[in-house]
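These numbers come from a predicted model, not from an experiment.
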Amino acid sequence: MQEARAAVAAAFAQIAPDIEPSELTEDARLRQDLDIDSLDLLRLIQVIADTTGVNTPEDDYRQLATVGGFIRYVASHG
């Protein structure tokens, strides 16, 4: 799980560098709390795929609504 957390934090740092690491709490919602739009979400998904090999089909995007959901998804599919 720690590797997934680090991968997600690194992806956020690359795609949304204005977000402070302290804002990446488990319950932080990507759209509402972190202002991640759909294009940023697609970029995050691509960075995760490139760095971890975890590919996310469109049907699974709903599982990525929070930082914690993103981390759990990467951990369980990596």
Side-chain angles (χ1 to χ4, degrees):
M1 186 75 96
Q2 196 62 27
E3 290 177 15
R5 186 181 313 280
V8 169
F12 272 93
Q14 183 177 340
I15 300 303
D18 54 318
I19 295 175
E20 294 294 325
S22 62
E23 294 178 85
L24 298 178
T25 61
E26 292 271 333
D27 61 344
R29 299 169 297 175
L30 301 189
R31 288 184 192 271
Q32 296 90 335
D33 300 329
L34 301 177
D35 202 29
I36 297 294
D37 62 23
S38 53
L39 185 56
D40 288 337
L41 177 62
L42 292 175
R43 289 181 183 143
L44 285 168
I45 290 168
Q46 186 61 53
V47 168
I48 289 295
D50 291 346
T51 59
T52 68
V54 174
N55 292 306
T56 309
E58 190 173 340
D59 289 344
D60 290 349
Y61 288 3
R62 279 180 260 132
Q63 296 179 47
L64 311 177
T66 64
V67 172
F70 217 116
I71 292 168
R72 285 187 294 279
Y73 190 88
V74 171
S76 66
H77 291 84

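The local environment of CD in Q32 is crowded, with over 12 non-hydrogen atoms from other residues, nucleotides or ligands closer than 6.0 Å. In the displayed structure, E3 atom CD is contacted under 6.0 Å by at most 12 heavy atoms of other residues, nucleotides or ligands. More than 12 heavy atoms of other residues, nucleotides or ligands shown are found within 6.0 angstrom of CG on D37.
The NE2 atom of H77 sits 11.0 Å away from the OG1 atom of T52 when rounded to the nearest 0.5 Å.
The side-chain hydrogen bond (donor to acceptor under 3.5 Å, both in side chains) check on T51 picks up nothing, with sequence neighbours excluded. Applying the side-chain hydrogen bond (donor to acceptor under 3.5 Å, both in side chains) criterion to D18, with sequence neighbours excluded, gives no partner residue. Taking T25 as the reference, D27, A28 meet the side-chain contact (heavy atoms from CB on, under 4.5 Å) condition, with sequence neighbours excluded. Among residues two or more places apart in sequence or in another chain, the side-chain contact (heavy atoms from CB on, under 4.5 Å) test is passed with A6 by none. Applying the side-chain hydrogen bond (donor to acceptor under 3.5 Å, both in side chains) test to R43 and every residue at least two apart in sequence or in another chain returns D40. Not a single side-chain hydrogen bond (donor to acceptor under 3.5 Å, both in side chains) links D59 to another residue, sequence neighbours left out. Listed by chain and number, the residues in a salt bridge (Lys or Arg N to Asp or Glu O under 4.0 Å) with E26 are R5, R72 (sequence neighbours excluded). Annotation: salt bridge (Lys or Arg N to Asp or Glu O under 4.0 Å) contacts of D33 (sequence neighbours excluded): R29.
Membership of the apolar cluster around L34 extends to M1, V8, F12, I15, I19, L24, L30, I36, L41, L42, L44, I45, V47, I48, V54, Y61, L64, V67, F70, I71, Y73, V74, as traced through chained side-chain contacts below 4.5 Å between ILVMFWY residues.
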